[in-house]
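Structure first, commentary second.
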There are 2 protein chains.
Amino acid sequence: MNETVRPTFLNLPEDKQARIIEAALTEFADKGYQQASLNTIVAASGIAKGSLYQYFTDKSGIFLYVFDFAIAVVRRLLVQVKDSTQEEDFFTRLERSLLAGLDFIRQYPKIYGIYLKILFDQQVPQRQELLQRVRQYAANYLHSLLRQGLARGELRPDLPAASAVFLLDALLDRFLQAASVPAFDVVLDLEQANPEALRQRVQELMDILRRGLAGN
Amino acid sequence: MNETVRPTFLNLPEDKQARIIEAALTEFADKGYQQASLNTIVAASGIAKGSLYQYFTDKSGIFLYVFDFAIAVVRRLLVQVKDSTQEEDFFTRLERSLLAGLDFIRQYPKIYGIYLKILFDQQVPQRQELLQRVRQYAANYLHSLLRQGLARGELRPDLPAASAVFLLDALLDRFLQAASVPAFDVVLDLEQANPEALRQRVQELMDILRRGLAGN
DNA sequence: ACTCCATATGACCAGTTGGTCATATCATGT
DNA sequence: ACATGATATGACCAACTGGTCATATGGAGT
């Protein structure tokens, strides 16, 4: 557990902390790690460059602090969706999770932007560890949904659980990317779709998941 | 159609061209667009910096030329796999395509590396257009497989084709990423798996696609 | 031998980066 | 009023970037 943030930062008035976090979040989400400029962060938050180094050890310290902040927000959402759909059947819960993900991205585009950067920016500090943390959250979430679905007999008992989680994770992740990364989705045109069309697509996908491509 | 490569480059001896393309491919795959250094490319290919600007208009010119080179290689593979599996049934063809993809990445890791960069490096020149070209190839390929599967009665006739292509594209793309990006896959551990285990996983996934999560 | 033009070169430029540090400002206790 | 320690500052630094350009080299035609 190496310290990246200095006590000085935590002593700051809350609104000043918030201004700095917000500026850093914006810059990192926009440019990724290496391309992000400390000068930009400093200018946007209205502090001197020297001050930044009174608050954090170095560039990676700022990044890791902002990442922790972001992941805490995501965690809250996952818990909330899981709890509030406890009574629904498996496929409805999946559907709700997807739509909640869309809402989240629309509400916190910068947090999602940071995730996308970590995904494929080789130079992010401690990238493997950060990536693993995020993917593990998603996998645990889906695994838990799956177990409950199996217990209730909503899924076939011979389902290979790990592969199923893999498939679900792939689909959900891609769906969110398709809906928010321009030109990424040339098939469903999710980025342009209105909420009603989106819901329609989600239901088609749930139906394929339920019955398969060949089945009855 | 704006020119990015100068005739001078095309007049060069083939091995010199190859050396330069190879060096550029390596650097872009490693660092992405903005982070790639022309100095590194120049040093690795043993030419002077000034020469680079006799061959290409500017940095983005080099990148776009290398991208075109890379996509031509991919295209050849897709055509070949499609042709050589013409007689197989839908799910076997899908399986073969996946395994062929794995082989390709192992054989041309740099080309795959460039694709991953384009995916989420906001600063890549003409990113939207390049991304769209790649995704469109994949979608057309899957669509064609699907049509033939439907025609042969291997798939249920009421299948919503667009959504099915979307799901397949998501799964295949993620599978390749999981098998080659460290720490990305916390579920199947594809990166460490031996060829036999990989084949096993692929078949489980094909089975889920065929029969669905709930079905008989 | 001379000309001509394509090709090759690397010192050089302005701009930007992450990071430093001597100095200034502020708040508090006495 | 003074001292003390935390906080704030921005000029400055070395390193590196993409790109330029005056000059050198090479080879073909005469």
Side-chain angles (χ1 to χ4, degrees), chain A residues 2-21 23-24 26-28 30-67 117 121-126, chain B residues 2-21 23-24 26-28 30-67 117 121-126:
Chain A
N2 39 11
E3 283 306 326
T4 58
V5 61
R6 299 220 153 94
T8 306
F9 179 72
L10 303 172
N11 290 341
L12 252 39
E14 273 189 36
D15 63 309
K16 193 169 184 178
Q17 286 187 35
R19 246 170 47 224
I20 295 169
I21 291 180
T26 302
E27 179 67 1
F28 282 123
D30 208 42
K31 310 263 191 67
Y33 178 71
Q34 280 271 9
Q35 275 297 299
S37 161
L38 298 189
N39 293 331
T40 304
I41 295 176
V42 156
S45 53
I47 62 170
K49 172 108 72 107
S51 298
L52 212 48
Y53 283 85
Q54 309 261 34
Y55 304 152
F56 303 95
T57 56
D58 54 11
K59 191 183 186 182
S60 82
I62 304 169
F63 180 79
L64 293 173
Y65 186 81
V66 165
F67 176 82
K117 293 308 175 189
D121 189 338
Q122 229 76 56
Q123 328 225 16
V124 167
Q126 302 181 39
Chain B
N2 40 10
E3 283 309 325
T4 59
V5 60
R6 298 218 154 92
T8 307
F9 179 73
L10 302 172
N11 290 342
L12 252 38
E14 273 190 36
D15 63 309
K16 193 168 186 179
Q17 286 186 34
R19 246 169 48 224
I20 295 169
I21 291 181
T26 302
E27 178 68 0
F28 283 124
D30 208 42
K31 311 261 189 71
Y33 177 72
Q34 281 272 8
Q35 276 296 300
S37 160
L38 298 189
N39 292 329
T40 303
I41 295 176
V42 156
S45 54
I47 62 170
K49 173 111 69 112
S51 298
L52 212 48
Y53 283 85
Q54 308 260 35
Y55 303 153
F56 303 96
T57 56
D58 54 11
K59 191 183 187 182
S60 84
I62 304 169
F63 180 80
L64 293 173
Y65 186 81
V66 166
F67 175 83
K117 294 306 176 191
D121 190 339
Q122 229 75 57
Q123 328 224 18
V124 166
Q126 302 182 41

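So that the names make sense, note that chain A is the first sequence line, chain B the second, and so on, each numbered from 1.
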Could you tell me how far apart [X] ([atom1]) and [N] ([atom2]) are, to the nearest whole angstrom?
X       : N      : atom1 : atom2 : value
B:Tyr55 : D:dG18 : OH    : P     : 18 Å
A:Gln35 : D:dC16 : CD    : C1'   : 13 Å
B:Leu52 : C:dT7  : CG    : P     : 15 Å
B:Ile20 : C:dT7  : CD1   : P     : 12 Å
A:Arg6  : D:dG5  : CZ    : P     : 19 Å
A:Gln34 : D:dT17 : CD    : P     : 11 Å
A:Asp58 : C:dT20 : CG    : P     : 8 Å
A:Arg19 : D:dA8  : CZ    : C1'   : 13 Å

*For the pair A:Lys59 (side chain) and A:Gln34 (backbone), establish whether a donor and an acceptor sit closer than 3.5 Å, ignoring hydrogens and angles.*
yes

*Taking the side chain from A:Glu27 and the backbone from A:Ser37, do they hold a donor-acceptor pair closer than 3.5 Å?*
yes

_Distance to the ring centre below 6.0 angstrom and angle to the axis at most 45 degrees; does that hold for B:Lys117 and B:Tyr33?_
no

*Walk me through it: do B:Asp121 and B:Gln35 pass the test side-chain contact (heavy atoms from CB on, under 4.5 Å)?*
CA-CA 10 Å; B:Asp121 190 339; B:Gln35 276 296 300; over 6 Å; no

*Those residues that, when tested against A:Lys49, pass side-chain hydrogen bond (donor to acceptor under 3.5 Å, both in side chains) (two or more places apart)*: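 For A:Lys49, the residues satisfying side-chain hydrogen bond (donor to acceptor under 3.5 Å, both in side chains) (neighbours in sequence not counted) are A:Asn39.
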
Under-4.0 Å side-chain N/O to phosphate OP1/OP2 contact, [X] with [N]:
X       : N      : answer
A:Ser51 : D:dT9  : yes
B:Tyr53 : D:dC21 : no
A:Lys16 : D:dA8  : yes

*Is any N or O donor-acceptor pair between the side chain of B:Lys59 and the base of D:dG19 shorter than 3.5 Å?*
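Absent.
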
*Got a sec? Which of residues 37-48 of chain B come in under 4.0 Å of DNA chain D, heavy atoms?*
B:Ser37, B:Leu38, B:Asn39

*What does A:Phe56 touch in the nucleic acid at a heavy-atom separation under 4.0 angstrom: a base, only the sugar-phosphate, or nothing?*
nothing

*Look at all strands and tell whether A:Phe9 reaches a base, only sugar-phosphate, or nothing, counting heavy atoms closer than 4.0 Å.*
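Nothing: the residue A:Phe9, judged by heavy atoms under 4.0 Å, touches no strand.
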
*Could you walk me through whether A:Phe63 and A:Thr4 pass the side-chain contact (heavy atoms from CB on, under 4.5 Å) check?*
CA-CA 9 Å; A:Phe63 180 79; A:Thr4 58; over 6 Å; no

_Would you call the rings of A:Tyr55 and A:Phe9 parallel, tilted or perpendicular, taking 30° and 60° as the class edges?_
tilted

*Which residue lies toward the 5' end of DNA chain C, B:Gln54 or A:Ser60, if each is placed at its nearest nucleotide?*
B:Gln54

